[in-house]
2 protein chains.
Amino acid sequence: MRIGEVARRSGVSVRALRYYEQQGLLTSQRTAGGQREYADDAVGRVRFFQQLYAAGLSSRRIAELLPCVDTGTTTAAQRTMLDDERARIAERIAALHTALDRLDDLIVAADARSA
Amino acid sequence: MRIGEVARRSGVSVRALRYYEQQGLLTSQRTAGGQREYADDAVGRVRFFQQLYAAGLSSRRIAELLPCVDTGTTTAAQRTMLDDERARIAERIAALHTALDRLDDLIVAADARSA
DNA sequence: CTTGACTCTGACGTCAACGTCAGGTTCTAG
DNA sequence: CTAGAACCTGACGTTGACGTCAGAGTCAAG
């Protein structure tokens with residue numbers, strides 16, 4: 001699969017895919033002419049990255065955790081990182097719930113006035 | 001209350017407080033000498049901003065929603081924004097839960113190997 | 001073998017939410 | 001009244017995840 005198709009199917013830009021490669025997140029074969037050729041699982045990987053980005057992880061962090069996914073090995077340091085990120089995400093979820101409640105307060109108040 | 005104390009009590013930098021003012025989020029009185037003097041509720045407001053920032057809202061968006069909080073009035077456009085942001089935050093929470101599950105998969109797999 | 005779509009590598013641009021520094025002023029404790 | 005801590009206004013710097021553009025090469029169809 002060439003880069004344009006991966007981009008379309010994963011919903012990100014061609015530029016983003018080249019950026020992921022630069023950050024060590026995504027690899028590819030090259031054709032004789034030098035163009036990137038991706039395996040089928042590239043689309044799924046990119047979607048996974050998007051989820052982690054949306055959860056607030058950085059490229060560096062994702063790159064550090066990728067060996068856990070790819071090679072199935074987990075060092076003590078990686079295990080600590082996993083726990084740290086888990087805690088961080090749990091905190092973010094809590095903050096989002098709080099924000100949601102604050103917005104709901106506003107919505108309820110607005111509805112009460114207009115009723 | 002002067003700016004340094006607001007910063008300490010709300011957990012943000014002095015620079016951030018001046019930035020919030022520039023963005024129209026936070027107002028203050030001035031002393032004869034030109035220094036900012038904040039009301040007591042400033043700390044709570046700043047904490048509120050931090051929650052919304054953490055939830056992914058921009059300064060511009062927060063500024064647009066502030067009238068709902070401050071004046072208690074809500075126009076149709078603001079009501080739409082409230083609903084939009086509510087939906088956006090709900091989506092982000094779902095994405096975070098997905099990411100959390102993916103990390104849990106990795107953690108469980110790591111524990112299974114080391115057990 | 002040509003054409004047009006696609007891809008390549010730099011390299012500079014962008015945007016938000018501040019950080020940081022310079023050079024000067026204000027406030028408050030003693 | 002003086003020292004030093006805190007504050008002021010610009011204004012340039014930073015970071016991450018890309019956007020965008022230039023100039024050139026590659027690929028697939030006809």
Side-chain angles (χ1 to χ4, degrees), chain A residues 1-39 42-43 45-66 81 85 88-89 92 95 99, chain B residues 1-39 42-43 45-66 85 88-89 92 95-96 99:
Chain A
M1 213 184 336
R2 282 159 68 188
I3 198 170
E5 192 178 349
V6 177
R8 269 191 307 279
R9 288 171 51 178
S10 60
V12 307
S13 70
V14 165
R15 175 69 173 90
L17 294 177
R18 292 200 269 252
Y19 175 75
Y20 297 161
E21 179 178 310
Q22 212 178 358
Q23 301 303 305
L25 303 184
L26 198 60
T27 56
S28 59
Q29 301 297 99
R30 294 295 183 119
T31 67
Q35 300 198 351
R36 291 174 182 81
E37 186 65 30
Y38 292 90
V43 174
R45 278 176 78 87
V46 171
R47 293 221 180 95
F48 180 44
F49 297 156
Q50 290 299 108
Q51 284 175 342
L52 295 184
Y53 279 133
L57 302 222
S58 66
S59 294
R60 166 171 291 279
R61 208 63 160 177
I62 297 175
E64 288 168 340
L65 294 177
L66 267 188
M81 276 191 288
E85 291 305 337
R88 213 185 308 278
I89 292 175
R92 283 178 69 94
Chain B
M1 213 182 338
R2 282 159 66 189
I3 197 170
E5 191 178 350
V6 177
R8 269 190 309 278
R9 288 171 52 175
S10 59
V12 306
S13 70
V14 165
R15 177 67 173 91
L17 293 177
R18 292 199 268 252
Y19 176 75
Y20 297 161
E21 179 177 311
Q22 212 178 357
Q23 301 303 305
L25 302 183
L26 198 61
T27 57
S28 58
Q29 300 297 99
R30 293 297 183 120
T31 67
Q35 302 199 349
R36 290 174 182 80
E37 187 65 30
Y38 292 90
V43 174
R45 278 178 77 87
V46 171
R47 293 221 180 94
F48 180 43
F49 298 157
Q50 289 298 109
Q51 285 175 342
L52 295 184
Y53 279 133
L57 302 222
S58 66
S59 294
R60 167 170 291 279
R61 208 64 161 179
I62 297 174
E64 287 168 341
L65 294 176
L66 267 187
E85 291 304 337
R88 213 186 307 278
I89 292 175
R92 283 178 70 93
L96 284 168

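Order of the sequence lines sets the chain letters (A, B, ...), proteins ahead of strands, with each chain counted from 1. Values below: every heavy atom of this structure, side chains too, minus hydrogens, waters and symmetry copies. What you are looking at is a predicted structure, and each value in this text was computed from that prediction instead of being measured.
Taking the side chain as every heavy atom from C-beta outward, A:Leu25 and A:Arg45 never approach each other to under 4.5 Å.
Residues A:Glu5 and A:Arg8 are not paired through a salt bridge, judged by the lack of any N-O separation under 4.0 Å between the basic side chain and the carboxylate. Between A:Glu85 and A:Arg88, at least one side-chain nitrogen of the basic residue sits less than 4.0 Å from a carboxylate oxygen of the acidic one, meeting the salt-bridge criterion.
Contact between the side-chain N/O atoms of B:Arg61 and the OP1/OP2 oxygens of C:dA17 is not found at any separation under 4.0 Å. Applying the 4.0 Å criterion to OP1 and OP2 of D:dT20, one finds that A:Arg15 has every side-chain N and O outside that range. The phosphate of D:dG16 (OP1 or OP2) has no side-chain N or O of A:Ser59 nearer than 4.0 angstrom. Of the side-chain N and O atoms in B:Ser58, none sit less than 4.0 angstrom from OP1 or OP2 of C:dA17. Residue A:Arg2 places no side-chain N or O under 4.0 Å from the OP1 or OP2 atom of D:dC27. Residue B:Ser13 has a polar side-chain atom (N or O) positioned under 4.0 Å from OP1 or OP2 of C:dG19. At D:dC27, one or more side-chain N or O atoms of A:Thr31 fall inside 4.0 Å of OP1 or OP2 (strictly under the cut-off).
Picking from D:dC8, C:dA17, C:dC8 the nucleotide with the shortest atom distance to the side chain of A:Arg36 gives C:dC8. Comparing C:dC18, C:dC8, D:dC7 by their closest approach to the side chain of A:Gln35 singles out C:dC8. In this structure, the nucleotide among C:dA17, D:dC8, D:dT26 sitting nearest to the side chain of B:Tyr53 is C:dA17. Taking every side-chain heavy atom of B:Tyr19 into account, C:dC18 is the closest of D:dC18, D:dA28, C:dC18.
Residues B:Ser58 and B:Tyr53 approach most closely at C-CE2, 4.3 Å, considering heavy atoms.
With rounding to whole Å, A:Glu37 atom CD is found 12 Å from D:dC27 atom C1'. The separation between A:Glu21 atom CD and C:dT9 atom P is 7 Å, rounded to whole Å. Between the CD atom of A:Gln22 and the P atom of C:dC8 there is a distance of 13 Å, rounded to whole Å. Straight-line distance from the CZ atom of A:Phe49 to the C1' atom of D:dC18: 15 Å, rounded to whole Å. Summarising the geometry, the separation between CD on B:Gln50 and C1' on C:dA17 is reported as 10 Å, rounded to the nearest angstrom. If you take CE of A:Met1 and P of C:dT7, they are 12 Å apart, rounded to a whole angstrom. Atom CG of B:Leu17 is separated from atom P of D:dT9 by 13 Å (rounded to the nearest Å).
Heavy-atom nearest nucleotides on DNA chain C were determined for B:Val14 and for A:Gly34, and the one closer to the 5' end corresponds to A:Gly34. Mapping A:Arg18 and B:Ala16 onto DNA chain C via the closest heavy atom, the residue that lands nearer the 5' end is A:Arg18.
Rounded to 10 degrees, the angle between the two end axes of the helix from C:dC1-D:dG30 to C:dG30-D:dC1 is 20°, with five pairs used at each end.
Here CD of B:Gln35 is found 9.0 Å from CZ of B:Arg30. Values are rounded to the nearest 0.5 Å. Distance check, rounded to the nearest 0.5 Å: CD of A:Gln23 to CZ of A:Phe49 gives 11.0 Å. A distance of 7.5 Å separates OH of B:Tyr20 from OG of B:Ser10, quoted to the nearest 0.5 Å. Atom OG of residue B:Ser28 and atom CG of residue B:Leu17 lie 9.5 Å apart, to the nearest 0.5 angstrom.
Residue contacts shown for A:Arg30 are limited to sugar-phosphate atoms, with no base heavy atom under 4.0 Å away. Using a 4.0 Å heavy-atom distance criterion, B:Tyr20 is classed as a sugar-phosphate-only contact. Across all strands shown, A:Arg60 has no heavy atoms under 4.0 Å from either base or sugar-phosphate atoms.
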